[in-house]
Amino acid sequence: QVQLVESGGGLVQPGGSLRLSCAGSRINISLYVMGWYRQAPGKQRELVAVITKDGVTNCRDSVKGRFTISRDNAKNTVYLQMNSLKAEDTAVYYCNAVYYANPKYNYWGQGTQVTVSS
């Protein structure tokens, strides 16, 4: 069973930091475009950041300069470093993998809750 397991979520104060991890099981993430999405209650799921198999990254404007996506293929893990967190960053964060050779292979993690509150 292909599995993506997110970890690192939690409750933080505004201005704080969290580092999310997404570990692949029975999947070689080096062959996938990896992304982090988030979904807040009552809102659509939105792309936060993406990283290609070649390490090229992009992120949405609202997190640019605060969030950094990275990958460690040796550990089969993708990370999202989140700094200067704001209340509007509160959401469930999901890891996503899309296979380069055939995008129909598209996998999601179960999500990890990030709450930014004083």
For this session: With the side chain counted from C-beta on, respond yes when Trp36 and Ile69 share a heavy-atom pair under 4.5 Å apart, and no when they do not.
Result: yes
Exercise. Which heavy-atom pair separates Cys95 from Leu4 by the least distance, and what is that distance?
Worked result: O-CD1, 3.9 Å
For this session: Return the set of residues passing side chain to side chain contact (heavy atoms under 4.5 Å, CB included) with Val98 (not counting sequence neighbours), or none when no residue passes.
Result: Asn96, Pro103, Asn106
Problem set entry | From CA spacing to verdict: side chain to side chain donor-acceptor pair (under 3.5 Å), Asp54, Thr52 | CA-CA 5 Å; Asp54 299 313; Thr52 73; 4.6 Å; no
For this session: Over 60° means perpendicular and under 30° means parallel, so classify the ring planes of Tyr94 and Trp108, tilted if in between.
Result: perpendicular
Exercise. Quick one: side-chain hydrogen bond (donor to acceptor under 3.5 Å, both in side chains) partners of Ser7, sequence neighbours excluded?
Worked result: none
For this session: May I ask you to check whether over 12 heavy atoms, not counting those of Tyr100, lie within 6.0 Å of atom OH?
Result: yes
Which atom pairs, donor and acceptor, lie under 3.5 Å between side-chain atoms of residues 111-118 and protein residues at least two apart or in another chain?
residue, atom, partner, partner atom, Å
Thr112, OG1, Gly9, N, 3.3
Gln113, NE2, Ala91, O, 3.4
Gln113, NE2, Thr115, OG1, 3.3

Exercise. What do you reckon, is CD of Gln39 surrounded by more than 12 foreign heavy atoms closer than 6.0 Å?
Worked result: yes
For this session: Kindly compute the distance separating OG (Ser30) from NZ (Lys53), expressed to the nearest 0.5 Å.
Result: 8.5 Å
Exercise. In the single-linkage hydrophobic clustering (I, L, V, M, F, W, Y; side-chain heavy atoms under 4.5 Å), do Ile51 and Val5 co-cluster?
Worked result: no
Problem set entry | Minimal non-hydrogen separation, Leu18 against Gly8, with atom names | CD2-O, 3.6 Å
For this session: May I have all residue pairs that pass salt bridge (charged side-chain N to carboxylate O under 4.0 Å, His left out) and include part of residues 87-96, sequence neighbours excluded?
Result: Arg38-Asp89, Arg66-Asp89
Exercise. Are the aromatic ring centres of Tyr32 and Tyr99 under 6.0 angstrom apart?
Worked result: yes
For this session: Rounded to the nearest 0.5 Å, what's the gap from CG on Leu31 to CG on Asn102? Could you check?
Result: 12.5 Å
Exercise. Between Tyr37 and Val48, what is the shortest heavy-atom contact and its length?
Worked result: C-CG2, 3.9 Å
For this session: Specify the closest pair of heavy atoms between Gln81 and Ser17, including all atoms of both residues, with the distance to one decimal.
Result: NE2-CB, 4.1 Å
Problem set entry | Heavy-atom closest contact (Val12 atom, Leu85 atom, distance) | CG2-CD1, 3.5 Å
Seminar exercise, completed: Contacts satisfying salt bridge (charged side-chain N to carboxylate O under 4.0 Å, His left out) that involve residues 4-26 (not counting sequence neighbours) are none
For this session: Working to the nearest 0.5 Å, report the span between OG of Ser21 and OH of Tyr79.
Result: 5.5 Å
Exercise. How many angstroms lie between OH in Tyr107 and SG in Cys22, if you round to the nearest 0.5 Å?
Worked result: 13.5 Å
Problem set entry | Connected via hydrophobic side-chain network under 4.5 Å: Ile29 and Val2 | yes
For this session: Please list all pairs passing the salt bridge (charged side-chain N to carboxylate O under 4.0 Å, His left out) test where one or both residues lie in residues 71-80, with sequence neighbours left out.
Result: none
Seminar exercise, completed: Correct closest heavy-atom pair for Ile27 and Gln3 would be CG2-O, 4.0 Å
